[in-house]
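By convention in this document, chain letters (A, B, ...) are assigned in the order of the sequence lines, proteins followed by strands, and residues within each chain are numbered from 1.
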Amino acid sequence: MLNKRNIIDIIYQVITYLAASVGVIALSMIIFFVFSNGLKLLNFGLLVNDYHAEFYNGGIDDPIFTFSHRPISLDDKVFYSQKWGIGLVDSKDREGNPIIIIEYISGDSPLLEIYDKNNEESKEIIGIDKGFLVSKISYYDKNTSLTMYGAESMINDIESTNEIREIVFSSLGGGIRGSIITTLYLISITIIIALPIGISTAIYLNEFSSKNRLTSLLRSLIETLTGVPSIIFGLLGLAVFVPLTIRFSEATSANIVSGSLTLSVILLPIIIKSTEESLKVVPDSFRSASLALGANHTQTTLKVVLPSAFPGIMTGTLLAIGRIIGESAALIFAIGTAVKDDISIFGKSTTLSVHIWSLMKDEPANIELASTIAIVILLIVLTLNIIVKLISKRFIKEF
Amino acid sequence: MNSIFEIDNLNLHYDDFQALKDINIRIEKNKVTALIGPSGCGKSTFLRCLNRMNDLIDSCKITGEIEFKEENIYTSNYDVISLRTKVGMVFQKPNPFPMSIYDNVAYGPRCQGIKDKNILDEIVATSLKSSALYEEVRDRIKESALSLSGGQQQRLCIARAIAMEPEVILMDEPTSALDPIATLRIEELMNELKKKYTIIIVTHSMHQAARISDNTAFFLMGELIEFDKTNKIFTTPKNQKTEDYITGRFG
């Protein structure tokens with residue numbers, strides 16, 4: 001029989017289950033949305049390609065035709081020109097526009113001799129390759145073939161001509177290699193700056209400082225810092241760290257270092273707080289045992305307290321890294337929004353999160369690519385999580 | 001009387017509360033001295049004065065003199081670190097570090113700068129032997145100290161203290177967290193140890209005090225009521241309060 005107490009118990013349980021499932025549902029919805037939108041663009045090329053396509057205007061004089069046969073392995077969708085030894089295929093780029101991709105080029109194709117027309121004197125050979133985009137081929141004797149007419153018509157056009165005036169092609173852009181590298185740089189530099197300072201501060205506050213007005217003031221200041229919106233830190237970065245890095249390095253604008261410094265300031269209170277929490281749970285009996293054995297304060301802290309707090313500090317660091325990867329508002333100012341392919345730590349570039357932001361602010365927003373980057377971010381966070389878990393586990397196992 | 005600690009007019013305050021009132025006592029060398037009394041009577045506080053562990057408490061103020069080997073330890077230029085290497089301490093709850101058994105025992109010597117592995121091996125082996133733990137742990141000396149039982153952990157803590165080759169070992173209710181068999185082993189161990197070391201032990205068990213100690217001090221409300229040979233205290237106490245306490249009329 002159900003009495004009143006049991007009913008209340010059941011109601012409480014149902015509430016807890018519901019609350020827990022809201023969290024699970026929210027998480028699965030995010031993952032479902034991101035994966036359903038972004039999964040089709042996710043491939044290895046995306047991760048290693050440049051974002052900005054490189055355009056070439058190629059010219060070719062006196063081509064020598066070799067008439068190599070169509071390779072049997074070539075897919076049926078590929079249109080092949082025997083004369084020029086090239087196979088083209090229709091495709092779509094990361095924004096969904098139609099493109100024509102070079103799927104195959106034979107080893108003796110005359111097109112391998114194409115030189116850079118923008119550099120008329122040196123006639124440097126471009127070296128076209130599989131994966132390049134052909135956007136336009138123009139001739140002396142007929143109409144230009146364009147991407148919009150499709151690969152088949154382009155093949156028909158070149159098969160029936162002996163001379164090409166100009167061939168415009170480009171590399172396949174839209175890759176996020178630059179943003180990935182920037183993100184990794186940003187993580188490393190920020191952690192290198194913020195972790196030692198943060199941990200030292202936490203050790204000072206928890207182990208060495210006496211309880212007086214100054215330290216309690218310091219503590220409350222740090223707590224206040226945690227609540228400051230990150231865009232305000234971004235302004236700080238723009239006002240302080242960007243000019244500072246420009247003054248003392250080769251940087252000319254917002255750069256990775258100024259971004260890292262700004263992020264370090266954001267992370268400091270988080271690292272201090274989490275380190276202090278993990279130092280607090282180290283039993284005082286360890287400290288007194290160590291001191292009673294004639295160890296001094298520093299030895300006690302380094303040999304007993306810090307190792308015991310290590311797993312907690314690692315978790316704090318992981319949260320900090322998550323914050324670095326996820327931060328966008330502050331970085332829009334402190335590192336800039338320019339998507340770059342050549343990354344240097346004093347140069348302009350942007351992180352994956354800001355990359356998402358700049359994709360979404362365009363009209364129309366590129367939700368697919370943004371979702372794909374979101375998947376990459378999730379994967380990076382997951383990987384880091386696993387690594388940290390393994391390190392902590394190994395560390396605990398040693399005891 | 002060959003005394004190692006001479007305490008004169010010791011007063012101790014925690015902020016406004018006076019925890020120790022005008023204590024005068026001589027602790028004999030190579031004897032076991034038991035400190036008994038009801039909870040909150042100041043006996044643990046007193047014990048912690050002897051190796052200056054009370055320094056860690058900000059609100060703690062001490063006046064009076066504690067002379068260890070005829071030197072006042074509460075002068076500002078006294079070397080606390082070296083005092084603590086000479087006056088070891090074993091706590092109420094076994095508190096081995098989360099390290100291997102070996103590292104636990106070698107911790108103190110390492111902190112003093114001993115790095116030579118042979119010397120450390122030697123120290124660890126002798127300390128474990130003196131604390132009657134060696135036979136039980138010799139095969140797993142590199143394993144975690146936390147895998148030991150409570151009684152073994154407490155003996156490890158004693159080994160850790162012995163490794164510093166102290167002259168005095170302070171024990172703050174070392175058996176209160178242990179079962180009777182483990183307690184018995186620790187008591188046997190103390191009987192062994194008093195040949196080499198001076199032992200000062202805080203205990204709640206009157207039986208334990210009677211069994212193991214040579215001298216007994218009875219504390220009440222921060223005052224030292226009576227200090228004498230153990231058999232005198234337990235058979236013919238001079239003070240009525242002592243008699244009331246040991247016969248179980250209060251406390």
With a 6.0 Å cut-off (strictly less than), is the heavy-atom count around [atom1] of [X], excluding the residue itself, greater than 12?
X      : atom1 : answer
B:E136 : CD    : yes
B:K196 : NZ    : no
B:E70  : CD    : no
B:E67  : CD    : yes
B:K194 : NZ    : yes
B:Y197 : OH    : yes

Specify the closest pair of heavy atoms between [X] and [Y], including all atoms of both residues, with the distance to one decimal.
X      : Y      : answer
B:T85  : A:G294 : CG2-CA, 4.0 Å
A:F286 : B:F97  : O-CE2, 3.4 Å
B:N51  : A:A292 : ND2-CB, 4.3 Å
A:V304 : B:M99  : CG2-CE, 4.2 Å
B:R84  : A:L291 : CD-O, 3.1 Å
B:C111 : A:Q299 : O-NE2, 2.8 Å

| query | Among B:Q112, B:M164, B:M53, B:M89, who wins on heavy-atom pairs under 4.5 Å with chain A? | reply |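 Most pairs with chain A among the choices: B:M53.
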Give, for atom [atom1] of [X] and atom [atom2] of [Y], the distance between the pair rounded to the nearest 0.5 Å.
X      : Y      : atom1 : atom2 : answer
B:Y107 : A:T300 : OH    : OG1   : 4.5 Å
A:L293 : B:R110 : CG    : CZ    : 13.0 Å
A:R287 : B:N95  : CZ    : CG    : 12.5 Å

| field | A:S288 vs B:F91 side-chain heavy atoms within contact, under 4.5 Å | value |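 Yes, their side chains come closer than 4.5 Å.
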| query | For the candidates A:P283, A:S210, A:A289, which exhibits the highest count of non-hydrogen atom pairs separated by less than 4.5 Å from chain B? | reply |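 Top option by heavy-atom pairs under 4.5 Å: A:A289.
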Answer with side chain, backbone, both or neither: which region of [X] has an atom nearer than 4.5 Å to a non-hydrogen atom of chain A?
X      : result
B:I81  : both
B:V80  : neither
B:R160 : both
B:P166 : neither

